[in-house]
Amino acid sequence: MFGLSELAIILIVVIAVLAAKKLPELTRSAGKSARILKAEARAMKDEERTPPEDREAPRVIRGEAVRREGTGDGGPATPTSQG
């Protein structure tokens with residue numbers, strides 16, 4: 001009858017025929033994922049090579065708290081000052 005390799009080939013052909021419309025989209029997203037993964041791995045290697053004293057400290061961005069006036073009527077928000 002059929003061996004395992006013949007069944008695998010038939011299964012691959014059937015999947016390719018049925019999924020032909022989605023195949024370009026799937027390969028495009030797989031390529032994007034691979035590029036992102038490579039870029040992140042490269043960034044981690046570069047970070048490991050950089051001495052700790054040469055690394056920049058993380059920036060802190062201060063925001064402001066927003067307090068709503070009224071009893072939940074959906075009015076405009078007013079910023080409050082922080083010290």
Side-chain angles (χ1 to χ4, degrees):
M1 198 82 175
F2 288 116
L4 185 60
S5 60
E6 288 88 2
L7 287 175
I9 292 172
I10 291 171
L11 183 63
I12 289 171
V13 169
V14 168
I15 289 173
V17 167
L18 295 177
K21 292 180 182 178
K22 294 286 184 179
L23 205 55
E25 183 181 331
L26 291 173
T27 55
R28 195 174 304 119
S29 65
K32 284 181 183 179
S33 299
R35 280 193 296 272
I36 291 170
L37 185 63
K38 285 171 71 174
E40 290 296 325
R42 190 177 305 124
M44 286 180 59
K45 284 182 182 178
D46 290 344
E47 187 176 303
E48 288 174 359
R49 290 182 197 147
T50 306
E53 57 271 0
D54 289 346
R55 293 185 191 151
E56 291 182 19
R59 292 185 336 170
V60 176
I61 301 173
R62 292 187 58 99
E64 55 183 38
V66 176
R67 173 175 41 97
R68 293 213 178 258
E69 304 238 348
T71 58
D73 60 351
T78 56
T80 60
S81 62
Q82 283 185 312

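Only heavy atoms go into these numbers, but all of them, side chains included; no hydrogens, no water, no symmetry mates.
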> Between Ser29 and Leu26, which heavy-atom pair has the shortest distance, and what is it?
Replying inline: OG-O, 3.0 Å

> Just how far is it from atom NZ of Lys32 to atom CD1 of Ile36, taken to the nearest 0.5 Å?
Replying inline: 8.0 Å

> Linking I/L/V/M/F/W/Y whenever any side-chain heavy atoms sit under 4.5 Å apart, do Ile10 and Leu18 land together?
Replying inline: yes

> Quick check: does any side chain N or O of Glu48 sit under 3.5 Å from a backbone N or O of Lys45, one acting as donor and the other as acceptor?
Replying inline: no

>> Once rounded to the nearest 0.5 Å, what's the spacing between atom CG of Leu4 and atom CD1 of Ile9?
In response: 10.0 Å

